[in-house]
Amino acid sequence: MSLARAIQAGARGMLPKTSAIGEVVTAVRRASKGEPLHKPEEINRVLRAERARSEKDRDLQRRIDRLTPRELEILQAMTDGLSPEEIADQLGMARHTLRTHTQNILTKLGVHSKTDAVVAAIRFGKTTPPGLAPSDRDALEADNDGLERVV
């Protein structure tokens, strides 16, 4: 969980998991008094960055939602790891047509590579990685870095 999301959820701050017990006790006491654990300028900086990231995500979501069903089919085939030849054969199109669709996808999403397009499609639930059921998507979004503790 990011500091910005923790603060938005009502936390007073975050500590690294490696914090000494004395630091944890001090942080809990400060938080119980309603004191923030971070400097106001740090909190403002991370909240601004989170707002900017959220806006960028909303923009990318809008872009992904504008893809055509055919473009989504192509993205799913890319997600499945198919080569361009395999995609063209599977979808019954010429390689040139596939290249045109692929370029349109990259342009519409505002990304620079097929990998970026596939990552965005997976992230926003438009494609599913091989071997992963659509209902397992939540596991992809879980923040499991385990490096911080919310106070």
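Quick caveat: nothing in here was measured; it's all calculated off a predicted structure.
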Query raised in the report: Between Leu91 and Arg70, is any pair of side-chain heavy atoms under 4.5 Å apart?
Result: yes
Report summary line: Separation between CD (Glu42) and CG (Leu47), nearest 0.5 Å, reads 10.5 Å
Query raised in the report: About how many Å separate NZ of Lys39 and CZ of Arg45, when rounded to the nearest 0.5 Å?
Result: 11.5 Å
Query raised in the report: Where do Leu106 and Ser113 come nearest, in terms of heavy atoms and distance?
Result: CD2-O, 3.2 Å
Requested in this report: Taking all non-hydrogen atoms of both residues into account, name the closest pair between Leu15 and Glu23 and its distance.
Outcome: CD1-O, 4.1 Å
Query - side-chain hydrogen bond (donor to acceptor under 3.5 Å, both in side chains) partners of Lys108, counting only residues at least two apart - result: Glu71
Requested in this report: Search all heavy atoms of Asp57 against all heavy atoms of Phe124 and return the closest pair with its distance.
Outcome: O-CZ, 3.6 Å
Query raised in the report: Lys114: what forms a side chain to side chain contact (heavy atoms under 4.5 Å, CB included) with it, not counting sequence neighbours?
Result: Met78, Pro84, Thr102
Requested in this report: Would you please say whether a donor-acceptor pair under 3.5 Å links the side chains of Gln61 and Asp65?
Outcome: yes
Report task. Report yes if the side chains of Met93 and Ile74 come closer than 4.5 Å at any heavy-atom pair, otherwise no. Result -> yes
**Report entry** From Arg63 atom CZ to Thr107 atom OG1, the distance as rounded to the nearest 0.5 Å
**Finding:** 9.5 Å
Query raised in the report: Hey, are the side chains of His38 and Leu3 touching, using non-hydrogen atoms and a 4.5 Å cut-off?
Result: yes
**Report entry** Validation row: Leu109, Ile64 side chains within 4.5 angstrom (heavy atoms)
**Finding:** yes
Requested in this report: Start with the C-alpha gap between Leu75 and Val118, add the side-chain angles, then the distance that decides, and say whether side-chain contact (heavy atoms from CB on, under 4.5 Å) holds.
Outcome: CA-CA 6 Å; Leu75 266 175; Val118 167; 4.2 Å; yes
Query raised in the report: In Å and rounded to the nearest 0.5 Å, what is the CD to CD distance from Glu85 to Gln90?
Result: 13.0 Å
Query raised in the report: Between Arg48 and Glu55, does at least one N-O distance fall below 4.0 Å, as a salt bridge requires?
Result: no
Requested in this report: Could you grab the distance from atom CG of Leu98 to atom CD1 of Ile105, nearest 0.5 Å is fine?
Outcome: 8.0 Å
Report summary line: In terms of heavy-atom contacts, Ser19 and Val24 come closest through CB-CG2, 4.1 Å
Query - For Pro36 against Ile43, the heavy-atom pair lying closest together - result: CB-CD1, 3.9 Å
Requested in this report: Have a look at Glu35 and tell me which of Arg29, Arg30, Arg12 forms a salt bridge (Lys or Arg N to Asp or Glu O under 4.0 Å) with it.
Outcome: Arg30
Query - For the student: nearest non-hydrogen atoms of Thr79 and Pro129, plus distance - result: CG2-CA, 3.7 Å
Query raised in the report: Looking at CG of Leu82 and CD of Gln76, how far apart are the two atoms once the value is rounded to the nearest 0.5 Å?
Result: 9.0 Å
Query - Non-hydrogen side-chain atoms of Asp80 and Glu86 separated by less than 4.5 Å - result: no
